[in-house]
Number of protein chains: 2
Amino acid sequence: MRLCISLAQLARKGEKSNMNVVCSVNPGHCTLISCNFLLLIILQLGLHTVEGVWPLPQTFITSPERYQLKPQSFSFGYRRHLAAQHHCSVLDAAFKRYFSILFPDYASGNDTIRFSENEIFTLTISLDHHYCEGYPNQDSSERYKLNVSAGQASLNAETVWGALKGLETFSQLVYQDDFGSYYINKTNIEDFPQFQYRGILLDTSRHYLPMQTILKTLDAMAYSKFNVFHWHIVDDPAFPYQSRTFPDLSNKGAFHPMTHIYTQSDVRRVISYARMRGIRVLPEFDSPGHTKSWGKGQPDLLTPCYKGGTPSGTFGPVNPTSPSTYQFMASLFKEVASVFPDTYIHLGGDEVDFYCWRSNPYIRAFMHRMGFGVDFNKLETFYIEKIVNITSALRKTSIVWQDVFDYYEQHKSLSVVEVWKQGCYLCEVRKVVKAGLRVILASPWYLDQPGPTHNWARYYNVWPLAFKGTEKQKRLVIGGEVCLWGEYVDATNLSPRLWPRASAAAERLWSNERQTSSVDKAFPRLQEFRCKLLRRGIQAEPLDVGHCKHEYQSV
Amino acid sequence: MRLCISLAQLARKGEKSNMNVVCSVNPGHCTLISCNFLLLIILQLGLHTVEGVWPLPQTFITSPERYQLKPQSFSFGYRRHLAAQHHCSVLDAAFKRYFSILFPDYASGNDTIRFSENEIFTLTISLDHHYCEGYPNQDSSERYKLNVSAGQASLNAETVWGALKGLETFSQLVYQDDFGSYYINKTNIEDFPQFQYRGILLDTSRHYLPMQTILKTLDAMAYSKFNVFHWHIVDDPAFPYQSRTFPDLSNKGAFHPMTHIYTQSDVRRVISYARMRGIRVLPEFDSPGHTKSWGKGQPDLLTPCYKGGTPSGTFGPVNPTSPSTYQFMASLFKEVASVFPDTYIHLGGDEVDFYCWRSNPYIRAFMHRMGFGVDFNKLETFYIEKIVNITSALRKTSIVWQDVFDYYEQHKSLSVVEVWKQGCYLCEVRKVVKAGLRVILASPWYLDQPGPTHNWARYYNVWPLAFKGTEKQKRLVIGGEVCLWGEYVDATNLSPRLWPRASAAAERLWSNERQTSSVDKAFPRLQEFRCKLLRRGIQAEPLDVGHCKHEYQSV
């Protein structure tokens, strides 16, 4: 195992020195020593620039001066103007969670140790916008400032979602010495995400994921500052979403109608659990392909395939020629729009196989009537257009997979395109932003493929903006997404397959590119972060030979 | 997900029919219908030959006649001549374990349901050799016969270790219907392993594995009828074995001297836990290479490397020229031989880098004195010879990695060679058996490399005896071993990386080659077995899209 003395370790050792460590993207924040010069010193000493926070904050000033934290005398608080109002439930719950994370060894309540007044340490939160109900959305600010000094820390954020990010950062700054005492160093952080959309896709159709697995993933997502759970909830193999409008969809389309479904109450729980962690829940109801399981509970929905002039008994994509299809879709999406509060909705649209449509004489006759000739792309466009209109009428912004953009002629009716195909994905990104559409990049982050963990660097060395384009075009790249498809993934292996490799993507999406361009510098920090994940009960794979102070304990 | 009606399912459906299913390696066991003819029928019906037991028993006759088992009226018993003696603790403990496995839903003790006498079902065990103390060894018979008929089952085995295998098989025959009732079909099984040595190597040096992880792996091993836990306990990165003779080895060489070690009591617990499951514990203390961590607690053991005529401060393999080396090794192996009861001991001997020996003038002088010239293979041979002699004097059979065989001139002083290198591993196997030595094959089963689970077939399609050789030579291939090296494996991902892929190797090593040559036929049976592993709390990866009635529940 590679051993490095980190700056934080140095800070712990050299407590009496007055060295301040400063680095910043914004030159205006550089104080005391210039960044380049400091970097030079640090490189010469063989140290990392900053240790202890993953993903790396935008501006991070730390000093060797450290303060002891005692669980008995530590508290979270609101700045007075906030405290005067009602407490914020999202933050109150976060205080409870983070208290346990900060002081894992503390057996609460049992001991009543006396402590002097001056040992009290308070983390005080202030929000620019006090509104703490509602849900995070694509415009929510996640910016925060964190200042740690003697006896206190202050966390300022524009929104409650930014405050959650700051709490996570604060929790990562606290460390224990060999005797179990807790410390935090004098620190000054200003932070905000590079990309607004930082998602993880879970696929609950190819394998059913128990609620516990989803909730635990949301926990881990918050630790890496992911903010979108893209719920690929249904697909060909199974339809586990229990619809209140169409209960047969899961009654007949789930692996099991009782044990392998997500009830309305389950879905509400996921959305609420995610919200408490500043995470949006983006549902995907992929069509017209990937819908085999839909056909079981909605018999006339899919296209009957033909062989030699008669129906073969098999079914293809959704039947785009039947008015009943759109009535059904309108009802289903009306329900989905009301169940999932997020303003985005994912419509899928990928990998439509034209074979079945082509075999069906009624589909061909429809094509002829509509003047589509034999261009099935036109038929798919016709279908997607209708679905996009349905969701627009529901005031939802639709996301589609890149396939739709590729065959679509009417680009302007699209909003957000998710790029997933391998190959020159930045070529595709460029095309999409040139058409004035927003992009979510997924291609480089298909983590369902296993691989030795040390290839985390593959997911780190991704540069979503490394294409020729204007500033305005680059701003259309709203973020990226880790996809964990379910062919070979279920509750047994999801966690180690996702973590810490997904955390590599998380830093790329949160942090400044220039500050995080070195895999070698990131490595020890990611190793330390992975140990933190273990300590928090997340089954994160090892990156290399070595150990964590607290290994993962299976139960 | 592929769906297949299995024979067992058919049996459940066609309860009234009298169809008997028979298949056997030994033509003498074929009754009622000949194997080929039956296979033809089964293939035409699209069914599997036998479902429900993994690895596949050598002879398996089952019928649609089924009997209900009720937890309240089920019991294990000894045949009278056994019961008269003291009970066998190994079996008593197994009865307890398997009762929970047989009836997972049974909340013991709470309900006192009345049942009529004729509902009683007893599994009666008889042993040819009643000796039930001691440890399994390389000569232990694992043969058993299992007969299930109305109201009773009888299990006969030569030894207690065979009885454990029979209990495992019995547990896999029991299934639940949709209402939760337990059933078993009329069955007749005669079974024995194809290979005597069926091992799994865990590496506790590159990552420390908590006790719980090791014990849980032993549970899972028993479910696949593995019978050797090859404990690669120490290596370059860490020395977690707490030696009573040389406590500094772990005090200074473990990742942490208190939390990342195996105490004497831990080791005893592993050995005892393994014994209760019919599993041998084979310790490996690999030398002269892979010993960096040894040097920390035993300062003069390793060879100082030289650079430009002076010691460079780094160390190489064990110093083979110093008499103190052999005194140390003799003491260490004396302890190891007494701690680990198995008659085998693994001496390692792989991947010795000559660079450091070559750099050291004292080593070169020794070579000259001994007449070795510049042939460092001779020096290594000299070293291994001495270690083999030490362990022989302790009445242990030594195993070495194939490297030793490759450079060794004195083949006759070797006993067992483990073939691990990739490439034409059967060429190597052939060379070793031609020299009259026993072989353990590991090359095709390096499972530490992750890969999609569906490549389990790669570990199934291995034919250890597919080389040109005499019957006598083939008998020298005593078995095989799954190796799970620790570079990227620890408690977080060990289980899904091992299971169910290791089970594919387990069937290859237990079952008859001719009966298990088809991946397609094995697939649904392995899928069902994997669901059983989940039900028993083993985090076994999915093989493909689909579901299990009881998914793995993370805690």
Side-chain angles (χ1 to χ4, degrees), chain A residues 1 178 203 205-213 215-217 235-238 240 254-256 259-260 448-455 485-497 499-500 530 533-534 537-555, chain B residues 1 178 203 205-213 215-217 235-238 240 254-256 259-260 448-455 485-497 499-500 530 533-534 537-555:
Chain A
M1 192 188 63
D178 287 342
D203 169 1
S205 173
R206 290 178 176 84
H207 285 98
Y208 176 81
L209 299 177
M211 282 292 287
Q212 206 44 47
T213 301
L215 301 182
K216 195 130 194 179
T217 303
D235 202 303
D236 280 330
F255 283 133
H256 189 284
T259 58
H260 286 62
D448 51 304
Q449 295 300 326
T453 339
H454 63 276
N455 72 3
W485 296 103
E487 280 85 348
Y488 307 110
V489 173
D490 71 2
T492 62
N493 58 356
L494 182 144
S495 190
R497 193 157 297 184
W499 311 108
R530 183 243 163 190
L533 290 178
L534 294 198
I538 305 300
Q539 238 172 305
E541 280 196 340
L543 293 159
D544 205 344
V545 171
H547 79 291
C548 292
K549 194 170 170 185
H550 300 275
E551 301 291 351
Y552 178 77
Q553 294 285 348
S554 60
V555 209
Chain B
M1 189 188 68
D178 287 342
D203 169 2
S205 173
R206 290 178 177 85
H207 284 99
Y208 177 81
L209 298 176
M211 281 293 285
Q212 205 44 45
T213 301
L215 301 182
K216 194 130 195 180
T217 302
D235 202 302
D236 281 328
F255 283 131
H256 188 283
T259 58
H260 287 63
D448 51 303
Q449 294 300 326
T453 337
H454 62 276
N455 71 5
W485 295 103
E487 280 85 348
Y488 307 109
V489 174
D490 71 2
T492 63
N493 58 356
L494 182 144
S495 189
R497 194 158 295 184
W499 313 108
R530 182 242 163 192
L533 291 179
L534 295 198
I538 304 300
Q539 238 173 306
E541 280 197 337
L543 292 160
D544 204 344
V545 171
H547 78 290
C548 292
K549 196 170 169 182
H550 301 274
E551 302 292 351
Y552 178 77
Q553 296 285 348
S554 58
V555 208

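Below, read A as the first sequence line, B as the second, and so on, with proteins coming before strands; counting in each chain starts at 1. We use all heavy atoms of the structure for the numbers below, so side chains are in, but hydrogens, waters and symmetry mates are not. All of these numbers come straight from a predicted model, not from anything done at the bench.
With hydrogens and angles ignored, the 3.5 Å screen pairs no side-chain donor or acceptor of A/Glu487 with any backbone N or O of B/Val545.
Interatomic distance, B/Gln553 CD to A/Met211 CE, rounded to the nearest 0.5 Å: 11.0 Å. Interatomic distance, NZ of A/Lys549 versus NE2 of B/His260, reported as 10.5 Å (0.5 Å rounding). Of the inter-residue distances, the one linking A/Leu494 atom CG with B/Tyr552 atom OH reads 12.5 Å to the nearest 0.5 angstrom.
Scanning all heavy atoms of the two residues, the minimum distance from A/Val489 to B/Pro542 falls at N-CG, 3.8 Å.
Every residue meeting the side chain to side chain donor-acceptor pair (under 3.5 Å) condition with B/Arg530, not counting sequence neighbours, appears here in chain and number order: A/Asp490. Looking at residues two or more places apart in sequence or on another chain, you find a side chain to side chain donor-acceptor pair (under 3.5 Å) between B/Asp203 and B/Arg206.
For B/Glu551 and A/His207, the side-chain atoms include no donor-acceptor pair closer than 3.5 Å.
The contact between A/Ala491 and chain B is made by backbone and side chain atoms together, counting heavy-atom distances below 4.5 Å. Only the side chain of A/Leu534 comes within less than 4.5 Å of a heavy atom in chain B; its backbone stays farther off.
Ring geometry for A/Phe255 versus B/His547: interplanar angle under 30°, hence parallel rather than tilted (30 to 60°).
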